[in-house]
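Each remark here refers to the structure printed beneath this line.
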Amino acid sequence: MDTYIRVFKNNRKYSRLLVMFCIGSIIAGLIGLVMMLIFKTPFIPLLNEGSYVTLIFYGILFLWIDRNNTKREKYFVSWSDCEINYLLPKSDEAESIKIDDIKSIVINQGEIIIGLKNDEKKHFNLNYFFFPLRQKIIDTFEKIKNRISITSEAIEIRN
């Protein structure tokens, strides 16, 4: 039952195309601005200084957006039969929880609260996921919750 889900999906092929377009836009804007200011001739006919500045601005803006999208690729959720691993936005490092260490699971509207046997609580925010993935994660935690309750009932019966 090994599952790996990315929080944010990014198509690298289109990202590279966007980066090439941004660099081309910045270069065309810089060449055009230099030609207009120094040689007083337009690099691209019908464009003025403001248009070249706009090309540079949008090239830098979209490069910044692509950089943020690339940084978001690191966020994930994965689980197996014995462990849950995740790294969500606003977290410093990846969390790893062994299923045997889980004492309780509370599923709320926007988050899952995981109570561990050492009385520590972990908060798993569901608001980063769209519905199909959110439901898959909730179903997985429901299965773990049922497995935990069956195991605790078996322990109580033995005692």
Side-chain contact test, heavy atoms from C-beta onward, threshold under 4.5 Å: evaluate it for P42 versus M36 and give yes or no.
yes
Side-chain H-bond candidate by donor/acceptor type, D139 with Q135, under 3.5 Å
yes
Can you name the nearest heavy-atom pair linking D81 to R147, along with the distance?
O-NH2, 2.9 Å
Could you grab the distance from atom OG1 of T54 to atom CG of L61, nearest 0.5 Å is fine?
11.5 Å
Single-linkage hydrophobic cluster I97~I138, side-chain heavy atoms < 4.5 angstrom
yes
Looking at side-chain heavy atoms only, is the closest gap between K103 and D119 below 4.5 Å?
yes
Could you tell me if the side chain of I102 sits less than 4.5 Å from the side chain of I84, heavy atoms only?
yes
Report whether M20 and I65 are members of the same hydrophobic cluster (ILVMFWY, side-chain heavy atoms less than 4.5 Å apart, transitive linking).
no
Separation between CG (N127) and CD (Q109), nearest 0.5 Å, reads 8.5 Å
Treating S25 as the side-chain partner and F21 as the backbone partner, does any N or O pair qualify as donor plus acceptor under 3.5 Å?
no
Tell me whether the rings of F8 and Y75 are parallel (<30°), tilted (30 to 60°) or perpendicular (>60°).
perpendicular
Between T140 (side chain only) and K136 (backbone N and O only), is there a donor and an acceptor less than 3.5 Å apart?
yes
Using the side-chain contact (heavy atoms from CB on, under 4.5 Å) rule, take S15 and D66 through it: C-alpha gap first, then chi angles, then the decisive distance, then the call.
CA-CA 7 Å; S15 180; D66 183 68; 2.3 Å; yes
Would you say R134's side chain and F129's backbone share a donor-acceptor pair under 3.5 angstrom?
yes
Test side-chain contact (heavy atoms from CB on, under 4.5 Å) on Y52 and L47 and set out the steps.
CA-CA 7 Å; Y52 294 122; L47 292 184; 3.8 Å; yes
Measure up the F141 and F124 rings against each other and bin them: parallel (under 30°), tilted (30 to 60°), perpendicular (over 60°).
tilted
Which pair of non-hydrogen atoms, one from A94 and one from L87, has the smallest distance, and what is that distance?
N-CD1, 3.6 Å
Pair L63, L18 - check side-chain contact (heavy atoms from CB on, under 4.5 Å), show working.
CA-CA 8 Å; L63 278 177; L18 177 67; over 6 Å; no
Using a strict cut-off of less than 4.0 Å between a Lys/Arg side-chain nitrogen and an Asp/Glu carboxylate oxygen, indicate whether E120 and K122 qualify as a salt bridge.
yes
Looking at side-chain heavy atoms only, is the closest gap between L126 and E111 below 4.5 Å?
no
Checking the side chain of N48 only, and the main-chain atoms of S51 only, is there a donor and an acceptor separated by less than 3.5 Å?
yes
Counting only N and O atoms by type, is there a donor-acceptor contact under 3.5 Å from the side chain of T3 to the main-chain atoms of W79?
no
Heavy atoms, side chains only, cut-off 4.5 Å: are D2 and S80 in contact?
yes
Under 4.5 Å between side-chain heavy atoms, counting indirect links through other Ile/Leu/Val/Met/Phe/Trp/Tyr residues: same cluster for Y58 and I26 or not?
no
Check whether any side-chain heavy atom of E49 sits under 4.5 Å from a side-chain heavy atom of L33, and report yes or no.
yes
Please examine the side chains of Y128 and K90, heavy atoms only from C-beta on, and report whether any two atoms are closer than 4.5 Å.
yes
Hey, could you give me the CE/CZ distance between M35 and F43, rounded to the nearest 0.5 Å?
7.0 Å
Using 4.0 Å as the upper bound for N to carboxylate O, is an ion pair formed by K117 and D100?
no
Heavy-atom check, side chain of N108 versus side chain of I112, under 4.5 Å:
no
So CD of E93 and CD of E95: to nearest 0.5 Å the spacing works out to 7.0 Å
When clusters are formed by joining ILVMFWY residues with side-chain heavy atoms under 4.5 Å apart, either directly or through shared neighbours, do V106 and I114 land in the same one?
no
If you measure from NZ on K145 to OG on S104, what distance do you get to the nearest 0.5 Å?
8.5 Å
In terms of heavy-atom contacts, E142 and I107 come closest through OE2-CD1, 3.2 Å
Has Y4 got more than 12 heavy atoms of other residues, nucleotides or ligands less than 6.0 Å from its OH?
yes
Same hydrophobic cluster for I144 and L116, using side-chain heavy-atom links shorter than 4.5 Å among ILVMFWY?
yes
Identify the heavy atoms of C22 and F62 that sit nearest to each other, and give their distance.
SG-CB, 3.2 Å
Taking all non-hydrogen atoms of both residues into account, name the closest pair between N85 and S96 and its distance.
OD1-OG, 2.8 Å
